[in-house]
2 protein chains.
Amino acid sequence: MAVPLYQAKAEFFRMLGHPVRIRVLELLQDGPRPVRDLLVATGVEPSSLSQQLAVLRRAGIVRATREGGTVVYELAGSDVAELLRAARRILAELLAGQEDLLAELRDAEMGSGTRSRRSA
Amino acid sequence: MAVPLYQAKAEFFRMLGHPVRIRVLELLQDGPRPVRDLLVATGVEPSSLSQQLAVLRRAGIVRATREGGTVVYELAGSDVAELLRAARRILAELLAGQEDLLAELRDAEMGSGTRSRRSA
DNA sequence: TGCCGACTTGATAACTTCTTCAAGTCGATA
DNA sequence: TATCGACTTGAAGAAGTTATCAAGTCGGCA
């Protein structure tokens, strides 16, 4: 209630801000997966993966169910796909922009001396 | 180059993960704005806002241009709107889920004893 | 019952990020 | 040129995040 909307949004994005969490969400888009599979797909340590899964669970974006010896995760209904698609589009734009910059830098160096523009 | 794609995505989301940065992006969706306006709209300290603007600039998602005494910021072309819309949709779902949980908890308490389901 | 495999949880050190305050840059104006 | 206003940058401590290792839980199965 007393949580300002902007803060909720920021927290949401922060919750997405980890490579393993992103990867898990992308994997779950194809359907439920047992932890075992996620473990293999991500290649991280079990306890580390578990911590990241806990973050996603706490946020309510995934749901875990126990099936005998294994635990299965699935998206909690949200349409994550669209979000990731939108992000991918912007990211492509940003990375393309960086390539342009690099190209520019290359060309500039051929014509004149060292002339740095951005540190990275 | 050697940056894995998942890491780039995670960094992108992390860059969005701050209330002031989100707010700035939303403001810039309506067009370019001088820092002065952003300062008023967000109500944070000038130096603090400047730091957040620097983060957005470094990511390449906004662009700054100096116009006499003032500096004007604008989106660097990306369609941020769609991303924020998608995020808003999921967020709405998640928050609605939380309300359902609360309601469930309330109802459960009326009918029976304490019966915790989730810690939060 | 006792043990094993599959996960999760807790604790902690290494890192990042954020806020704040002091100092610096850049135009415009006197 | 001196100075002011509008921003940005640097630095340092506080706060939050992550990887890792040890310990714990929960279902099978011998």
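First the proteins, then the strands, lettered A, B, ... as listed; each starts at 1.
With sequence neighbours excluded, the residues satisfying side-chain hydrogen bond (donor to acceptor under 3.5 Å, both in side chains) with B:Arg21 are B:Gln52. In this view, B:Ala41 and B:Leu27 satisfy the side chain to side chain contact (heavy atoms under 4.5 Å, CB included) rule, not counting sequence neighbours. Every residue was checked against the side chain to side chain contact (heavy atoms under 4.5 Å, CB included) condition with A:Ala92, not counting sequence neighbours, and none meets it. Taking B:Arg63 as the reference, B:Glu74 meet the salt bridge (charged side-chain N to carboxylate O under 4.0 Å, His left out) condition, with sequence neighbours excluded. Contacts of B:Arg85 classified as salt bridge (charged side-chain N to carboxylate O under 4.0 Å, His left out), with partners at least two apart in sequence or in another chain: none. Remark: B:Gln51 pairs with no residue by the side chain to side chain contact (heavy atoms under 4.5 Å, CB included) rule, at least two apart or across chains. Evaluation of the side chain to side chain contact (heavy atoms under 4.5 Å, CB included) rule for B:Ala87 yields A:Phe12, A:Phe13, A:Leu83 as partners, not counting sequence neighbours.
Taking only side-chain nitrogens and oxygens, B:Arg57 comes nearer than 4.0 Å to OP1 or OP2 of D:dT9.
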Extract all donor-acceptor atom pairs below 3.5 Å that involve side chains of residues 65-73 of chain B and protein atoms in other chains or at least two apart in sequence.
from: B:Arg66; atom 1: NE; to: B:Gly68; atom 2: O; distance (Å): 3.4
from: B:Tyr73; atom 1: OH; to: B:Arg57; atom 2: NE; distance (Å): 3.0
from: B:Tyr73; atom 1: OH; to: B:Arg57; atom 2: NH2; distance (Å): 3.4

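Within the structure, salt bridge (Lys or Arg N to Asp or Glu O under 4.0 Å) contacts touching residues 26-41 of chain B (residues at least two apart or in different chains) are A:Lys9-B:Glu26, B:Glu26-B:Arg88.
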When you check every protein heavy atom under 4.0 Å of nucleotides 13-21 of chain D, what one-letter string (B, S, -) results, 5' to 3'?
----SSSBB
Which is it for B:Leu53 and B:Val62 under the side-chain contact (heavy atoms from CB on, under 4.5 Å) test, yes or no, and what are the steps along the way?
CA-CA 8 Å; B:Leu53 289 174; B:Val62 305; 5.6 Å; no
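Here A:Thr70 lies in heavy-atom contact (under 4.0 Å) with sugar-phosphate atoms only.
Against DNA chain D, the stretch residues 25-41 of chain B makes heavy-atom approaches under 4.0 Å through B:Val35, B:Arg36.
Bounding nucleotides for the chain B contact on DNA chain C, 5' to 3', at a heavy-atom distance below 4.0 Å, are C:dT17 to C:dA28.
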